[in-house]
2 protein chains.
Amino acid sequence: MRLCLVGFGSVGQGVAEALLLKNKFLKKRYGLNVKVVAVADSSGAALNQNGLNLEKLLKIKQKTGKVSNYPNYGVEGVTALEVLDEIDYDCLVEMTPTNITDGEPARKLTIKAIKDGKDVVTSNKGHLALYFPKLMKIAKKNNVKFKFEASVGGAMPIINFAKYNLPSCSIESIIGILNGTTNFILSRMASEGSSYEQALKEAQELGIAETDPTYDVEGIDAACKSVILANSIMELNCTLEDVDITGITNITPEAIDLAKDEGYLIKLIAEISKDRMEVSPRLVDKNSPLAVDGTLNVAMLKTDLAKNITVMGRGAGPLETASAILTDIINIWREK
Amino acid sequence: MRLCLVGFGSVGQGVAEALLLKNKFLKKRYGLNVKVVAVADSSGAALNQNGLNLEKLLKIKQKTGKVSNYPNYGVEGVTALEVLDEIDYDCLVEMTPTNITDGEPARKLTIKAIKDGKDVVTSNKGHLALYFPKLMKIAKKNNVKFKFEASVGGAMPIINFAKYNLPSCSIESIIGILNGTTNFILSRMASEGSSYEQALKEAQELGIAETDPTYDVEGIDAACKSVILANSIMELNCTLEDVDITGITNITPEAIDLAKDEGYLIKLIAEISKDRMEVSPRLVDKNSPLAVDGTLNVAMLKTDLAKNITVMGRGAGPLETASAILTDIINIWREK
């Protein structure tokens with residue numbers, strides 16, 4: 001299986017590291033021989049039809065910031081779209097930054113790969129939240145696999161979870177914590193009594209929050225994920241505009257203390273159902289399965305036959321997110 | 001897909017009810033048309049190559065206790081093994097009571113069906129805990145599917161969870177609560193201050209514990225499930241004899257109170273790893289994801305890439321267990 005990786009930030013590098021770690025495992029367990037034939041970042045790309053040396057590539061990226069510095073096979077200034085025409089590959093692994101304005105460059109890259117008959121795995125939320133039904137339709141029409149487990153919940157399985165583990169059930173609602181950054185901030189505020197600003201600063205210093213934390217703290221990231229879940233596992237046809245969103249920027253230590261006195265925590269909860277699409281801070285009983293701390297994600301699926309099923313796991317982290325991307329790659333391979 | 005159901009107690013009847021409820025759903029979503037051509041219980045069987053009326057069959061079973069009273073197509077005294085020769089079917093759904101002495105009648109039924117080239121789905125733990133590697137080998141040799149999600153955790157996905165959701169990960173250990181009856185008893189002791197005997201009696205009155213609760217309260221049920229998980233998702237070749245088992249019969253309300261004062265609960269914990277196979281009462285931090293109450297089951301999988309992933313759900317109940325059996329049936333259908 002020849003992969004083309006586009007986007008080589010923390011998730012992309014995580015995938016490269018995971019492939020190095022699990023190379024033998026994948027061969028032995030699944031007979032899956034993965035070869036990375038191209039890696040593109042904003043600087044250009046490294047392309048080798050015989051497969052790139054990922055160890056070398058990671059070192060070069062970490063040292064110089066550019067994959068185009070890869071010796072002999074690095075090309076500066078080439079765009080990812082051009083790379084897709086340059087190389088023979090089987091599966092595009094799309095990991096560019098989420099863009100909720102127009103979903104680019106993920107949208108164009110995904111559509112091109114699909115139309116070229118390639119399978120696509122993505123960790124990106126933007127194009128999915130904006131154009132889910134359209135992208136699915138194109139993938140179906142072109143008879144390719146399009147998978148996106150890593151776009152929601154990091155290492156926490158949720159999309160494949162519903163598909164493979166609850167196929168007999170109608171999923172009536174999902175309630176969960178889908179954003180690790182805000183959960184970290186709220187957890188720190190609760191445990192340390194810190195202000196929102198202090199907790200955000202700490203999260204930024206630890207690399208858990210971005211310099212511009214807007215997407216996370218305003219609830220937009222969780223809302224994008226809610227839209228992806230609604231479309232993919234609940235067959236609700238909706239977009240970002242359908243979600244009522246309230247972020248956590250107005251939560252005070254006093255509110256958290258007050259809740260605590262009554263046995264509750266304040267969490268940024270996503271609720272997805274036919275009647276309600278909402279991301280907002282809510283009171284959660286401290287003994288509820290939803291009361292998870294730190295950067296953990298959690299989702300409680302309310303179903304008809306199995307009743308409530310809950311899953312939790314790390315919502316972020318390079319190797320953790322890579323594990324979800326590899327899951328999709330392995331499932332594509334097994335379903336061939 | 002023509003099913004032959006063997007065993008028509010609470011789980012078997014749950015499957016019949018679930019099929020009635022989800023008949024249209026299965027057709028619409030998966031193009032799967034399920035027909036039950038035979039149902040066997042200890043009285044005999046009902047067989048109809050054109051499909052049995054499950055509504056009628058459930059009524060007769062509930063009224064008379066015997067499926068052999070099904071009009072025209074009921075046969076008294078026929079054994080399940082004979083039924084497998086009488087009827088054309090695609091998949092055996094084996095739901096006889098667990099027997100950890102010799103695994104019968106599940107073992108013989110399963111082997112016969114497999115050798116006849118039929119797929120098998122089971123909720124039974126006995127033959128799996130005693131003969132796992134052997135049964136897998138025969139299934140592989142005969143190129144049939146043999147699935148057993150319902151044997152561990154009821155509605156809580158765990159076997160398919162590891163296979164489909166964590167295929168990129170090595171699972172280093174599993175720690176969890178795999179028995180709902182004992183978890184109910186311990187939860188009641190903690191919340192009500194009742195003695196072990198009182199809580200057991202209450203569980204029996206609610207149908208959560210059996211008249212002879214030995215398998216559950218001595219930890220044998222959880223140990224069987226541990227063996228199934230060890231073999232199926234951790235590739236450890238072990239049997240029931242390899243598990244250190246301690247039950248909950250000696251737990252006192254005083255011990256529970258003492259633990260509570262320090263912020264702990266006492267839970268019957270199963271630990272499965274290369275170095276340790278153990279079922280025993282342990283202290284669990286009340287804020288741990290493992291601190292689930294009532295008949296809930298929970299499993300925390302420690303993995304290399306995804307780190308800790310936790311799943312929880314109802315460990316028992318007819319429709320809940322049926323959901324796991326239907327999952328296996330649907331996955332067999334999709335993998336054809």
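Residue numbers begin at 1 in each chain, while the letters A, B, ... track the order of the sequences.
Heavy-atom distances place the side chain of A:Leu21, and not its backbone, under 4.5 Å from chain B. With a 4.5 angstrom heavy-atom cutoff, B:Thr303 does not touch chain A via any of its atoms. Contacts of B:Met156 with chain A are made by backbone atoms alone, with heavy-atom separations under 4.5 Å and no side-chain atom involved. Residue A:Glu235 touches chain B through its side chain alone, counting heavy-atom pairs closer than 4.5 Å. Residue A:Asn308 touches chain B through its backbone alone, counting heavy-atom pairs closer than 4.5 Å. In this structure, no portion of A:Thr321 lies under 4.5 Å from any heavy atom of chain B. Interface residue A:Tyr164: backbone and side-chain heavy atoms are both found under 4.5 Å from chain B.
The aromatic rings of B:Phe161 and A:Phe161 lie perpendicular to each other, with more than 60° between the two planes, well past the 30° mark.
Between the side chain of B:Ser168 and the backbone N or O of A:Ser323 there is at least one donor-acceptor pair closer than 3.5 Å.
The two atoms that bring B:Phe25 and A:Ser170 nearest to each other are CE1-OG, 3.6 Å, heavy atoms only.
Residues B:Thr310 and A:Val311 fail the side-chain proximity criterion, which asks for heavy atoms closer than 4.5 Å. Inter-residue side-chain proximity for B:Glu335 and A:Arg334 is flagged as unmet; no heavy-atom pair is nearer than 4.5 Å. Residues B:Lys307 and A:Leu319 meet the side-chain proximity criterion, which asks for heavy atoms closer than 4.5 Å. Contact check for A:Leu166 versus B:Thr327: no side-chain heavy atoms found under the 4.5 Å cut-off. Put simply, the side chain of B:Lys22 reaches to within 4.5 Å of the side chain of A:Asp304, judged on heavy atoms. Contact of the B:Pro157 side chain with the A:Ile309 side chain is registered, since non-hydrogen atoms from C-beta on lie closer than 4.5 Å.
For the set A:Ala322, A:Gly14, A:Pro167, the entry with the most heavy-atom pairs within less than 4.5 Å of chain B is A:Pro167. Of the listed residues (B:Met300, B:Glu320, B:Met312), the one with the most heavy-atom contacts under 4.5 Å to chain A is B:Met312. Between chain A and the options B:Ala306, B:Gly313, B:Ala18, heavy-atom pairs under 4.5 Å are most frequent for B:Ala306. Contact tally against chain A (heavy-atom pairs below 4.5 Å) for B:Asn160, B:Asn165, B:Leu26: the top residue is B:Asn165.
Heavy-atom contacts from other residues, nucleotides or ligands closer than 6.0 Å to CG of B:Asp261 number more than 12. Atom NZ of A:Lys260 is surrounded by more than 12 heavy atoms from other residues, nucleotides or ligands within 6.0 Å. Heavy atoms from other residues, nucleotides or ligands lying under 6.0 Å from CD of A:Glu55 number 12 at most. Under a cut-off of 6.0 angstrom, the local environment of OH in A:Tyr264 is sparse, with at most 12 non-hydrogen atoms contributed by other residues, nucleotides or ligands.
Atom CZ of A:Arg314 sits about 12.0 Å away from atom CG of B:Leu305, to the nearest 0.5 Å. Here the NZ-CG distance, from B:Lys163 to A:Asn331, works out to 9.5 Å after rounding to the nearest 0.5 Å.
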